[in-house]
Amino acid sequence: MQIAVIGADTKIGQMIVNSAEALKIRTVSVVSSYISLKGDGKLVVKDYQDLKLSDFDGCHVIVDAVSFLDITRYSTDLLPLWTELEILKNTDISLLCLGSSAFLYTDKSKKRFVFDESDVVINDEQQKVDRLCVNAYKRLSTCSNVKWGIFSPPLFLDDHSIGSGNYMLSDSVLPVNVNGTSRISVNDFVKATIDILKQGIKTHDVMSVCQF
């Protein structure tokens, strides 16, 4: 398998590259400006809007680690995601977006997003980010000619904990562990992302994960 990682210079992007290569998965690191990277695979340095299908020759999956996770860096119409969808039309390359808990559902009836629940809004800035993510997801969900999937962290993505290595994958409903919390460490989120890549992406579907 060969994967490309959009945003390989971000913390999560770099961790995915390193973890994939440790498992003998070939990588292409895609960044918008040159930076020293540890990956052994091909390096593509381009403004994301200038990417072309030929940049992903030999790739089976593109992992987008920036469009949702760093959504405030871009105006609504300039997310890397829109360029990716355009160049991947009717191809066999799958797109895995690392998403947001904002557009996970609150229960199995799947009628309300987490974003719609006032008791999970942390602050005004988070509300802005969540609204952008929800709007981008709604636009993405209308795309049927690309094999896309989304893998979203739970409510809290813990950047400080080492993680336990124990996590459970779930569908698009916000996962909560036996302690009543919805969290995962960045380390375990990356490990779970690699698991998704190995298992295969569920096309036009959203998955999530939570720490045991």
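From a predicted model like this one, the values you see are computed outputs, not experimental measurements. Side chains are part of it too, since the values below use all heavy atoms of this structure and drop only hydrogens, waters and symmetry mates.
Considering all non-hydrogen atoms of both residues, Ala4 and Cys59 come closest at CB-SG, 3.9 Å. Contact detail for Ile150 and Ser152: the closest heavy-atom pair is CG2-OG, 3.5 Å. Counting all heavy atoms, side chain and backbone alike, Ala65 lies closest to Gly7 at CB-O, 4.4 Å. Nearest approach of Gln14 to Gly39, heavy atoms of both residues: NE2-N, 4.1 Å. Residues Gln211 and Asn166 share a closest heavy-atom pair of NE2-O, 3.4 Å. The two residues Glu21 and Thr27 make their nearest non-hydrogen contact at OE2-OG1, 2.5 Å.
Applying the 6.0 Å contact sphere to CG of Asp92 captures no more than 12 heavy atoms from other residues, nucleotides or ligands. For Lys110, the NZ atom is densely surrounded, since the number of other residues' heavy atoms within 6.0 Å is greater than 12. More than 12 heavy-atom neighbours from other residues, nucleotides or ligands sit within 6.0 angstrom of NZ on Lys42.
A donor-acceptor contact shorter than 3.5 Å links the side chain of Asp55 to the backbone of Lys52. Between the side chain of Ser67 and the backbone N or O of Leu81, at least one donor-acceptor pair lies under 3.5 Å.
Within the model, atoms CG of Asn18 and CG of Leu23 stand 11.5 Å from one another, a figure rounded to the nearest 0.5 Å. In this structure, NE2 in His204 is found 10.0 Å from OG in Ser141, a value given to the nearest 0.5 Å. For the atom pair CG (Leu169) and CE (Met207), the distance works out to 4.5 Å, reported to the nearest 0.5 Å. Between the OG1 atom of Thr83 and the CG atom of Leu88 there is a distance of 10.5 Å, given to the nearest 0.5 Å. The CG atom of Leu155 sits 9.5 Å away from the SG atom of Cys210 when rounded to the nearest 0.5 Å. For the atom pair CD1 (Ile62) and CD (Glu84), the distance works out to 6.0 Å, reported to the nearest 0.5 Å.
When side chains are defined from C-beta on, Val5 does not count as touching Ser29, because their heavy atoms never get closer than 4.5 Å. Counting heavy atoms from C-beta outward, Asp57 and Val28 have side chains that stay 4.5 Å or more apart. Using a 4.5 Å cut-off on side-chain heavy atoms (C-beta onward), Leu53 and Thr91 make contact. Side-chain contact check for Val114 versus Asp130: every heavy-atom pair is 4.5 Å or farther apart. Between Met15 and Asn187, some side-chain heavy-atom pair lies under the 4.5 Å cut-off. Using a 4.5 Å heavy-atom cutoff, the side chains of Thr106 and Leu174 are not in contact. The closest side-chain heavy-atom distance from Ile12 to Leu157 is below 4.5 Å. Residues Asp195 and Lys198 meet the side-chain proximity criterion, which asks for heavy atoms closer than 4.5 Å.
Val63 and Met1 fall within the same hydrophobic cluster, where Ile, Leu, Val, Met, Phe, Trp and Tyr residues are linked whenever their side-chain heavy atoms come under 4.5 Å apart, directly or through other members. Each of Met168 and Val176 belongs to its own hydrophobic cluster when Ile, Leu, Val, Met, Phe, Trp and Tyr are linked at side-chain heavy-atom distances under 4.5 angstrom.
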* To do: Determine, step by step, whether Leu197 and Ile194 satisfy the side chain to side chain contact (heavy atoms under 4.5 Å, CB included) criterion, reporting the C-alpha distance in whole Å, the side-chain angles of both residues, the deciding distance to 0.1 Å, and the verdict.
  => CA-CA 5 Å; Leu197 292 173; Ile194 298 297; 4.1 Å; yes
* Quick one: do Val209 and Ile196 satisfy side chain to side chain contact (heavy atoms under 4.5 Å, CB included)? Show the steps, please. => CA-CA 10 Å; Val209 63; Ile196 293 293; over 6 Å; no
* **Pair Asp77-Arg139, salt bridge (Lys or Arg N to Asp or Glu O under 4.0 Å): steps then yes or no** => CA-CA 11 Å; Asp77 290 325; Arg139 179 171 167 182; 3.2 Å; yes
* Candidate pair Ile201 and Val61, rule side chain to side chain contact (heavy atoms under 4.5 Å, CB included), full reasoning -> CA-CA 9 Å; Ile201 296 168; Val61 182; 3.6 Å; yes
* Take Asn179 and Thr181 through the side-chain hydrogen bond (donor to acceptor under 3.5 Å, both in side chains) test and state the conclusion after the steps. => CA-CA 6 Å; Asn179 296 319; Thr181 61; 5.3 Å; no
* Would Leu96 and Thr193 satisfy side chain to side chain contact (heavy atoms under 4.5 Å, CB included), going step by step from the backbone distance to the final call? -> CA-CA 9 Å; Leu96 180 64; Thr193 301; 4.1 Å; yes
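Each of Asp188, Asp158, Asn177 was evaluated against Arg183; a single residue qualifies, Asp158, per the side chain to side chain donor-acceptor pair (under 3.5 Å) test. Residue Ile6 is tested with Leu51, Val44, Leu98, Leu95 for a side chain to side chain contact (heavy atoms under 4.5 Å, CB included); the sole match is Leu51.
For the ring-ring contact (aromatic ring centres under 6.0 Å, His included) condition, the pairs that include at least one residue of residues 58-109, sequence neighbours left out, are Phe68-Phe103, Phe103-Tyr137, Tyr105-Phe113.
Side-chain rings of Phe189 and Phe151 approach one another, their centers coming within less than 6.0 Å.
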